[in-house]
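Numbered from 1 within each chain, the chains take letters A, B, ... in sequence-line order.
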Amino acid sequence: MKVQRPKGTVDILPGESGSWEKVESIARNFFKRANYREIRTPSFENYEVFSRSSGETSDVVSKEMYDFNDKGGRHIALRPEGTAGVVRAYVENKLYGPDVVKPFSVYYIDNTFRYERPQAGRQREFHQIGVESFGSDSPLADVETLMMAHDLLAELGVKNYELHINSLGNAQVREAYHDALVNYFTPVKDQLSEDSQRRLSQNPLRILDSKDERDKKFLPNAPKIVDYLDDESRKSFKTITDMLEQLGINYVMDDDLVRGLDYYTGIIFEFMVEDKNLWESATTILGGGRYNHLVEEFDGPETPAVGFGIGEERLMLVLKEQNPDLFQEEGIDFFITNIGAGTEFKAVEVARSLREQGFSAQYDVDQKKLKQQFRKADRVHATFVITLGAKELENGVLNIKRLSDGKIIDLSLEDINNMQDVINKLED
RNA sequence: GCGGAAUUGGUGAAGUGGUUAACACACCGGUUUGUGGAUCCGGCAUGCGUGGGUUCGAUCCCCACAUUCCGCCCCA
C-alpha cells in the first residue's frame with residue numbers, strides 16, 4: 001500500500017523535534033514563572049462550541065472548519081483555535097466558583113485544525129501556544145497579557161516584530177460602529193471590490209484591511225472606531241497604552257486592525273513579523289485580545305477574560321532565521337566502542353552505568369568493525385569515545401578519547417563509576 | 001474556494017520520443033576486523049509523483065488526479 005500523509009499535515013522528524021521541544025520548554029518555563037498553569041482540552045468539540053463563539057459568518061466557521069458527523073450522529077469539529085474549548089472547559093468545570101483563585105490563568109500547547117489551502121506557515125494541522133486569563137476586567141490584566149506575549153517572544157529570540165493594537169469596545173460600540181461603516185460604504189458599494197461588496201453585508205470591519213486599490217481610496221475617510229468608543233473603553237485603552245510605554249513595549253495604533261473572530265471586545269492585538277525571506281508581506285505570528293462575553297455565551301456567569309495565541313509553525317519559521325542556536329543538533333556525551341571477544345557485553349554495562357550517572361551514552365548494537373564504530377560516534381556527534389579492548393580489559397584497563405582533539409587517556413574499570421571526575425581530568 | 005508554477009535516487013540535480021537515466025554530495029563495502037573526520041577503489045534509480053491515452057516505442061507529447069510552493073480570500 002502506498003501511503004502519504006494527508007494534505008496540509010507535516011511529520012516533525014527527530015532532526016527538528018528537538019527544536020520544538022526547546023521552544024515549548026522555554027514557553028512552559030516562562031508561563032510557570034507567571035503562575036499560568038497548563039490546561040489540556042479535547043482536540044474536538046461539538047460543532048456549536050466553535051460556531052457560536054467565533055461567529056457563523058466568520059471565515060473560520062463558514063469555510064475552514066474541519067467538521068464531521070460521528071457514528072452517533074453528533075456534529076463534531078476539530079478545534080480551529082484554542083480559546084473556545086478552554087472557555088467551554090472553564091464553564092463546564094465551574095472554574096468560576098468561589099474556591100478557585102481569580103484570575104484563573106492557564107496556558108495550552110495544542111494542535112489545531114483549519115481546512116485551508118496550505119502554504120508556507122499555513123497548514124491544515126498546526127500548533128498554537130496560547131494563554132487565557134479569566135475573571136478580571138482590569139486594564140492590568142490586559143497589560144499582563146500583552147507583557148507576557150512580548151516577553152515570551154523576546155525570550156524565544158524573536159527580534160523584528162511590530163505590535164499592533166486596537167480597541168473594539170463593548171457590544172454597543174461595535175454595533176454602532178458596524179452601522180456607521182455600513183452607512184459609509186453602502187452609497188459607494190458599486191465602486192468597491194467584489195470581495196468588499198460581500199464583506200459589506202457579512203463583516204464590514206474586514207473592508208478596513210482590504211488590499212484592493214478600489215477599496216483603499218475610501219479608507220482614509222472611513223469612520224474610526226476610536227470615535228465610537230465609550231468613555232470606559234477609551235479610558236481603559238489609555239491606561240493600557242500608557243503602561244506599555246512605561247514598560248518600554250513599543251506598539252503601533254492600528255485603526256484597521258480587526259480580528260477574524262467575533263468574540264472579541266475591548267483591546268485586540270497582533271504581533272507581526274516582516275521578513276522578505278519568509279513572506280511577501282508582514283505576517284501575524286501572535287494574536288489575541290479581550291473577550292468579555294464568551295463565558296456568558298456558554299451559559300456561565302458574566303466573566304471578563306483576555307488571552308493570546310501564537311502560531312507555533314510560524315514562530316518556528318521566524319526563529320530558524322533569527323535564533324539559529326535553537327536549531328543546532330545536539331550530540332551525545334559518550335559512544336562506547338569495543339573490540340575483541342567478550343567485550344560486547346561490557347559495552348552494554350558501561351553504557352548503562354553512564355546513563356545512570358546522567359550522561360547520554362550509546363554503543364554499537366550492530367558490532368561493526370572498530371573503524372565503523374568510530375564513524376558512527378562521529379555521526380552522532382559524540383563528545384567522548386570509550387574503547388573497550390579485549391587485551392586491556394583482562395587487566396582492567398580501557399581508554400577514553402576526546403573526539404574534538406584526539407586526546408586519549410587511560411582509565412581503570414573503576415573510573416567508569418565516576419565519569420565526571422574523568423571528564424574533569426581530561427579538561428585539565 | 002479562485003488563479004499560477006513545480007514534481008527525476010537519501011539529497012542537489014543533468015537529460016533524451018528509441019539499446020546500460022550524466023554529474024556531485026551523502027551512504028554502504030574495501031584500502032593489515034584494534035581507534036574517527038583524509039586519499040584511493042568499488043557499490044548505490046529495472047526507475048523519472050499516480051492513473052490513463054497517443055505511439056512500433058515515452059521519463060520526455062496529451063488528459064485527469066495527487067502533493068508541494070506562490071498569489072488571492074482569510075488567518076496562526
Problem - Canonical and wobble pairing (Watson-Crick, G-U, under 3.5 Å) of RNA chain B, dot-bracket with | - result: (((((((..(((.....[....))).((((.........)))).....(((((..]....))))))))))))....
Handout entry: Letter per nucleotide, 5' to 3', of nucleotides 31-36 of chain B [B base touched, S only sugar-phosphate touched, - untouched; heavy atoms, 4.0 Å]
Key = B-SBBB
Problem - Pairwise C1' distance for B:A58 and B:C75, with rounding to whole Å - result: 44 Å
Exercise for the section: Please name all residues satisfying side chain to side chain donor-acceptor pair (under 3.5 Å) with A:Gln367, sequence neighbours left out, ordered by chain then number. Expected result: A:Asn338
Exercise for the section: Take atom CZ of A:Phe44 as the centre, draw a 6.0 Å sphere, and report whether it contains more than 12 heavy atoms from other residues, nucleotides or ligands. Expected result: no
Problem - Minimum side-chain heavy-atom gap A:Ile409-A:Ile400 below 4.5 Å - result: yes
Exercise for the section: Report which part of the nucleic acid A:Gly8 touches: base, sugar-phosphate, or nothing (heavy-atom distance under 4.0 Å, all strands). Expected result: sugar-phosphate
Practice task
Starting from C1' on B:G10, measure out to CG on A:Asp11 and report it in whole angstrom.
Solution key: 16 Å
Problem - Parallel, tilted or perpendicular, as decided by the 30° and 60° cut-offs, for the rings of A:Phe334 and A:Phe359 - result: perpendicular
Exercise for the section: Provide the distance between the two C1' atoms, one in B:G30 and one in B:G57, to the nearest whole Å. Expected result: 41 Å
Handout entry: Separation of B:C75 P from A:Leu257 CG (nearest whole Å)
Key = 10 Å
Handout entry: Any N/O donor-acceptor pair, A:Arg122 side-chain to B:C74 base, under 3.5 Å
Key = yes
Handout entry: C1' spacing across the pair B:C60 / B:G53, given as an integer number of angstrom
Key = 16 Å
Practice task
May I ask you to decide if the ring planes of A:Phe134 and A:Phe104 are parallel, tilted or perpendicular, using 30° and 60° as cut-offs?
Solution key: tilted
Practice task
Assign each of A:Glu313 and A:Pro118 to its nearest nucleotide of RNA chain B by heavy atoms, then name whichever residue's nucleotide is nearer the 5' end.
Solution key: A:Pro118
Exercise for the section: Quick one: do A:Leu317 and A:Val273 satisfy side chain to side chain contact (heavy atoms under 4.5 Å, CB included)? Show the steps, please. Expected result: CA-CA 11 Å; A:Leu317 284 173; A:Val273 170; over 6 Å; no
Practice task
State whether the side chain of A:Arg355 and the backbone N or O of A:Ser360 hold a donor-acceptor pair below 3.5 Å, judged by distance alone.
Solution key: no
Fill in the blank from the handout: Rounded to whole Å, the CD1-P distance (A:Ile268 to B:A76) equals 11 Å
Exercise for the section: Hey, can you tell me if A:Phe271 and A:His150 have their rings parallel, tilted or perpendicular (30° and 60° cut-offs)? Expected result: tilted
Completion exercise
Test side chain to side chain contact (heavy atoms under 4.5 Å, CB included), reference A:Asn418, set A:Asp421, A:Asp415, A:Val422, output is A:Asp421
Exercise for the section: Rounded to whole angstrom, note down the P distance from B:G47 over to B:A21. Expected result: 11 Å
Completion exercise
A:Arg314 CZ to B:C74 P, in whole Å, measures 14 Å
Handout entry: Which residue lies more 5' along RNA chain B, comparing A:Phe126 with A:Thr9 via nearest heavy atoms
Key = A:Thr9
Problem - Interatomic distance, A:Gln4 CD vs B:G49 P [rounded to whole Å] - result: 13 Å
Practice task
Might you confirm whether atom NZ of A:Lys407 has over 12 heavy atoms from other residues, nucleotides or ligands at distances under 6.0 Å?
Solution key: yes
Problem - Nearest-Å distance for atom pair CZ/P, residues A:Arg117 and B:C73 - result: 14 Å
Practice task
For B:A66 versus B:G51, give the span between their P atoms, rounded off to a whole number of Å.
Solution key: 15 Å
Exercise for the section: With sequence neighbours left out, write down each residue that passes side chain to side chain donor-acceptor pair (under 3.5 Å) with A:Lys346, or none if nothing qualifies. Expected result: A:Glu349
Practice task
Find the distance A:Glu64:CD to B:C72:C1' and express it as a whole number of Å.
Solution key: 13 Å
Practice task
Using the C1' atom on both, measure B:U16 against B:A22 and round to a whole Å.
Solution key: 11 Å
Exercise for the section: Please state the C1' separation for the pair B:C44 and B:U20 - nearest whole angstrom. Expected result: 15 Å
Problem - Phosphate OP1/OP2 of B:C27 contacted by A:Arg379 side-chain N/O (<4.0 Å) - result: yes
Practice task
Kindly say if A:Gln119 contacts the phosphate of B:G71, meaning a side-chain N or O under 4.0 Å from OP1 or OP2.
Solution key: yes
Exercise for the section: Starting from P on B:C69, measure out to CZ on A:Arg124 and report it in whole angstrom. Expected result: 12 Å
Exercise for the section: Answer with yes or no whether the side chains of A:Glu313 and A:His127 bring together a donor and an acceptor at under 3.5 Å. Expected result: yes
Problem - B:U8 versus B:A14 - spacing of their C1' atoms, nearest Å - result: 10 Å
Under 3.5 Å, which donor-acceptor pairs link side chains of residues 18-25 of chain A to any protein atom two or more places apart or in another chain?
residue : atom : partner  : partner atom : Å
A:Ser19 : OG   : A:Leu326 : O            : 3.3
A:Lys22 : NZ   : A:Leu326 : O            : 3.2
A:Ser25 : OG   : A:Lys22  : O            : 3.2

Fill in the blank from the handout: Ordered by number, residues from residues 150-157 of chain A within less than 4.0 Å of RNA chain B (heavy atoms) are none
